[in-house]
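Some notes on the structure that comes next.
Just so it is clear, the model here is predicted, and its values are computed rather than measured. Remember, it's 1-based here, ligands and their atoms both numbered in the order they're listed. Just so you know, these numbers use all the heavy atoms, side chains as well, and skip hydrogens, waters and symmetry mates.
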Amino acid sequence: MFILLLGAPGAGKGTQGARLAARLGVPKIATGDILRAAVKAGTPLGREAQRYMDAGKLVPDEVILGLITEELAQPAARGGAVFDGFPRTPAQAELVDRTLAARGQRLDHVLLLEVSDDALVARLQRRAAIEHRSDDTPETIRTRLGVYERDTAPLVAHYAAQGSVHRVPAVGSVDEVAAAIARIVGQ
Ligand code: AMP
């Protein structure tokens, strides 16, 4: 089963994605995690990505499309995966759709985690205090929320047209949101 988690930064995609992937027995693929690991390791990918990440901007599609292609080709992701943090642009969505279609597969569910802007900012500020991510500063948080609205939120319409979007009010406890997701996914 292939599941896409959509939602603004701070909506809980990472937390819920990890739980869902474990329950379904499929990998969670998070481009943000891969990029952060690349930055830490100082690889060419990391060096290229870091300035965009630190500014709260999207890493260009020229860089990300290759990364997505590689990740989808992993044997572990052959039968299913939970996608966290991608696709984030129309070009990325098209690549994912096309790659799965070529394998006779499709996104089974697109889950849109919905949280109010005030709650997102509060969550991201809490995370900043715990994880010390370089892109959880107040200014970068604002930029990232704006980038989400402009570049990524329009993907909801793209997937809604395919009839696969479920809106999940992601406001209760982690367990409550996980239960709501489990009801939708039905497993
Ligand atoms: P995330 O952990 O998903 O919030 O991603 C952190 C940062 O990594 C983002 O603000 C972007 O700079 C970059 N990033 C992660 N995934 C993508 C993607 N699919 N496309 C472009 N940039 C990305």
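Looking at Arg167, its side chain never comes within 3.5 Å of a backbone N or O of Glu114 through a donor-acceptor pair.
Between Asp54 and Arg51, no side-chain nitrogen of the basic residue sits less than 4.0 Å from a carboxylate oxygen of the acidic one, so the salt-bridge criterion is not met. We find that Asp136 and Arg144 are joined by a salt bridge, their nearest charged nitrogen and carboxylate oxygen being less than 4.0 Å apart.
Screening residues 64-83 for salt bridge (charged side-chain N to carboxylate O under 4.0 Å, His left out), with sequence neighbours left out, gives no hits.
For ligand 1, the protein residues placed under 4.0 Å by at least one non-hydrogen atom are Thr31, Gly32, Leu35, Arg36, Met53, Lys57, Leu58, Val59, Ile64, Gly85, Phe86, Arg88, Gln92, Arg133, Asp135, Arg144.
The closest side-chain donor-acceptor pair between Gln92 and Asp61 falls under 3.5 angstrom.
Contact annotation: the side chain of Pro87 never approaches that of Leu95 to less than 4.5 Å [non-hydrogen atoms, C-beta and beyond].
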